[in-house]
Protein chains: 2
Amino acid sequence: MAKNGDHENDGHMHGEVNKRGRTRRPTMVDVAREAGVALRTVSRVVNDDATVGSELAKRVHDAIAALDYRPDERARHLRLGVTGTLGAAVRQLSHVNPVLRAVERAARAADLMVLAASTEDDERLERRVVESMCRRRFDGIVLEPIGADHGYLLPELAAGLCLVAVDRPVLGLDVDCVISDNVAGIQAAYAHLAAHGHRRIAYVGDDERIFTAQERATAFRACAAEAGAALDGMVHTGPIEPARIVHALATALEGPDPATAIITGNATISVEVVRSFDDRRVAIVGFDDSELATLLRPDLTVVAQDDQAIGSTAIDLLRARIADHNRPVHRVTVPVELLARGSGEQPP
Amino acid sequence: MAKNGDHENDGHMHGEVNKRGRTRRPTMVDVAREAGVALRTVSRVVNDDATVGSELAKRVHDAIAALDYRPDERARHLRLGVTGTLGAAVRQLSHVNPVLRAVERAARAADLMVLAASTEDDERLERRVVESMCRRRFDGIVLEPIGADHGYLLPELAAGLCLVAVDRPVLGLDVDCVISDNVAGIQAAYAHLAAHGHRRIAYVGDDERIFTAQERATAFRACAAEAGAALDGMVHTGPIEPARIVHALATALEGPDPATAIITGNATISVEVVRSFDDRRVAIVGFDDSELATLLRPDLTVVAQDDQAIGSTAIDLLRARIADHNRPVHRVTVPVELLARGSGEQPP
DNA sequence: CCGGGGTGAGATAACGTTATCCCGAAAGGT
DNA sequence: ACCTTTCGGGATAACGTTATCTCACCCCGG
């Protein structure tokens with residue numbers, strides 16, 4: 001019976017004891033021996049192949065239950081070549097990220113498991129995470145790309161990596177991506193404020209080295225130019241720091257011709273703006289919806305992204321590419337929606 | 001040269017073409033052939049074993065670069081027995097979850113990869129996720145347990161699963177866990193409000209079927225009893241729905257002897273309370289710190305959990321258990337801290 | 001001059017699956 | 001009665017790694 005040398009702890013526990021003291025999990029061989037059938041038959045039963053007789057199947061099922069057998073996906077995946085797993089490399093797992101939620105949901109519907117990790121807005125960490133997922137041979141990766149240098153992706157893509165970028169494109173690389181219509185969003189915000197009588201509109205945004213921040217700031221400048229509005233002291237972009245926001249607001253709201261309305265570049269900036277500035281004589285339209293939007297008085301008017309659409313489109317693109325590696329690259333732009341809640345409808 | 005039958009697309013791309021049209025990734029065998037060495041030598045170089053000559057090592061490195069070889073972790077893990085991977089099954093990936101962030105950070109420091117998935121507060125989904133991680137043979141799992149029936153974990157634990165529960169224990173099972181000191185938190189909140197002159201203190205909490213909600217509500221009742229305060233209309237627990245919160249507040253704040261202070265059971269409830277109730281004559285202490293806390297006027301006084309400690313302790317426990325499966329079970333309680341910011345210091 | 005350590009590198013066997021091939025037996029037709 | 005067909009099920013070879021064993025070789029002391 002005891003095939004291996006060490007016969008300590010043979011008191012009929014399920015798992016035998018390994019050399020390292022860890023209990024060895026039962027394998028298909030053990031199940032086959034227990035059921036008195038061939039290894040292959042156990043495999044057939046596990047993958048419920050119809051060609052196995054009902055009587056043998058029962059014997060195998062009983063053996064599986066008796067031994068608490070659980071298949072080892074590592075071996076399955078190695079043999080099969082595919083893992084049924086998608087990776088999600090996002091900036092911060094533990095922040096509110098409705099797109100990630102939609103990605104999980106859509107993947108689940110397609111019977112794919114999503115395993116996620118944070119890149120913490122760190123290019124080196126992003127690379128570590130993505131390469132790790134590649135070595136694990138995930139079927140595909142959903143990536144919120146950081147920074148400008150994604151050269152490390154080239155060999156992976158050449159080797160067959162299926163990748164879809166969300167929220168921003170992978171600069172310099174021709175890969176599938178799903179992004180919001182930032183330009184239309186800014187245009188909608190600008191037009192909305194203009195329609196409510198505002199002529200002096202300021203913009204407070206994120207660091208323009210970030211793709212979306214750059215796109216939104218550029219769109220804002222174009223809107224102002226088209227409206228024939230001067231930009232002096234009206235555009236403030238840079239890293240998100242309370243002091244900078246305070247200074248930007250002071251610059252925009254003081255002086256001979258102060259702003260009467262503000263557009264913010266993302267949800268975090270909306271928070272900082274609202275936090276650092278109490279009197280509500282100024283109209284505000286925020287980019288990105290958030291839980292906070294309905295906490296304020298008046299509630300915050302926002303340009304909301306269609307997170308659900310972004311997430312499910314990302315999974316669709318990824319599945320299509322997994323099915324056909326050579327299909328043409330798609331870059332999808334998802335419409336945004338302006339939700340008027342009060343803060344954007346205040347008069348000048 | 002062309003070993004396999006189909007010689008289409010042999011235009012000297014790195015990966016040969018598989019029967020399914022997908023490019024096959026190069027393996028150690030390919031590297032060995034390219035470098036003109038034995039398979040084992042490539043393995044030695046990849047795991048930078050010192051016993052390989054510098055000249056051969058260079059040859060192998062060149063071959064790896066030429067072929068863009070990337071080791072397949074599935075095979076490594078299968079062979080090695082361990083995966084160097086921890087799973088995190090949390091209620092909602094894409095919510096703010098400082099504990100998860102601390103878990104990732106601590107794991108990274110220990111050279112472990114954390115892959116996370118959401119359980120969406122759904123017991124069946126939790127089971128699917130955890131069992132999937134088990135079949136993938138993750139070295140350990142960090143779990144935010146949901147519900148009361150975790151029987152499905154028993155065979156996994158018997159088979160050697162390393163598990164640590166965070167935020168709440170796994171009811172009925174003797175596994176490692178890290179939880180905040182909910183009782184001390186409620187006591188601190190109660191004492192703080194009492195010290196500021198409050199005698200009528202109300203509690204609005206989550207559904208008591210949730211462990212933490214039950215623990216906090218019970219602690220509150222005990223505090224009130226000790227203070228000799230009546231509980232009529234002062235304790236409101238149940239699912240988080242705006243209508244319920246509104247009703248609870250109305251009940252607590254109206255009548256002949258209204259509450260002058262409120263303790264909330266978690267951050268979401270704090271939000272709902274603040275949202276649904278405008279006049280600030282009532283003192284508030286919230287359980288859980290959050291971004292919103294410093295958005296309000298006055299800022300929200302909170303009982304803050306030590307997320308960093310919870311996360312790193314969880315990883316410590318997990319690593320210790322992985323190192324020694326048979327070590328005794330530890331249940332760690334992490335202290336909480338009351339942060340006075342204004343809302344809890346208002347007089348009755 | 002030869003035997004004994006060290007040392008670098010190759011053949012080969014796992015790890016736990018699934019897929020290919022093949023065979024034995026039962027069933028059906030002439 | 002015998003041949004053919006079908007069908008359930010078993011042996012065996014992958015999948016891409018790492019570990020064990022073996023061996024050839026070189027250097028050095030006896």
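Because only heavy atoms are used, hydrogens play no part in the values below, and waters and symmetry mates are left out as well, while side chains stay in. Sequence lines set the chain letters: A, B, ... in the order given, protein chains first and strands last, and positions in each chain run from 1. Computed from a prediction, not measured in an experiment: that's the story for all the values here.
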Original post:
Roughly how many Å is it from NE2 in A/His77 to P in C/dT17, rounded to a whole number?
Top reply: 12 Å

Original post:
Taking only side-chain nitrogens and oxygens of B/Ser43, does any of them come within less than 4.0 Å of OP1 or OP2 of D/dT18?
Top reply: yes

Original post:
Do NZ/NE/NH1/NH2 and the carboxylate oxygens of A/Arg70 and B/Glu156 come within less than 4.0 Å?
Top reply: yes

**OP:** Starting at atom CZ of A/Arg74, determine the distance to atom C1' of C/dT17, rounded to an integer number of angstrom.
**Re:** 11 Å

**OP:** Figure out the CE/C1' separation between B/Met28 and C/dT12, and round it to whole Å.
**Re:** 16 Å

Original post:
Sequence neighbours excluded, which residues qualify as side-chain contact (heavy atoms from CB on, under 4.5 Å) partners of B/Arg124?
Top reply: B/Asp122

**OP:** Classify every nucleotide of nucleotides 9-15 of chain D by which part a protein heavy atom approaches to under 4.0 Å, writing B for the base, S for the sugar-phosphate alone and - for neither, in 5'-to-3' order.
**Re:** BBB-BBB

**OP:** Any chance you could encode DNA chain D as dot-bracket? Rule is Watson-Crick or G-U wobble with both distances under 3.5 Å; [ ] for pairs crossing earlier ones, | for another strand.
**Re:** ||||||||||||||||||||||||||||||

Using residues 159-171 of chain A as the side-chain source, report each donor-acceptor pair under 3.5 Å to any protein atom, sequence neighbours left out, with the distance given to one decimal.
from, atom 1, to, atom 2, distance (Å)
A/Arg168, NH1, A/Pro145, O, 3.4

Original post:
Does a salt bridge link B/Arg321 with B/Asp139, judged by any charged N lying under 4.0 Å from a carboxylate O?
Top reply: no

Subject >> Between C1' of C/dT17 and CZ of B/Arg137, the distance in whole Å >> reply: 11 Å

**OP:** Just grab all the salt bridge (charged side-chain N to carboxylate O under 4.0 Å, His left out) pairs involving residues 45-56 of chain A, residues at least two apart or on different chains.
**Re:** none

Subject >> Set of side-chain contact (heavy atoms from CB on, under 4.5 Å) partners for B/Arg135, sequence neighbours left out >> reply: A/Pro71, A/Glu73, B/Glu131, B/Ser132

Subject >> Distance in angstrom units between B/Arg76 CZ and C/dT17 C1', rounded >> reply: 20 Å

Original post:
Taking CG from A/Asp49 and C1' from C/dT17, how many angstroms apart are they, rounded to a whole number?
Top reply: 15 Å

Subject >> Interatomic distance, B/Arg25 CZ vs D/dT17 P [rounded to whole Å] >> reply: 10 Å

Subject >> Under-4.0 Å salt bridge between B/Arg59 and B/Asp62 >> reply: no

Original post:
Do the non-hydrogen side-chain atoms of B/Asp174 and B/Arg331 ever get within less than 4.5 Å of each other?
Top reply: yes

Original post:
Hey, is A/Arg128 close enough to A/Glu123 for a salt bridge, meaning N to O under 4.0 Å?
Top reply: no

**OP:** Could you check how far CZ of B/Arg135 sits from C1' of C/dT17, rounded to whole Å?
**Re:** 14 Å

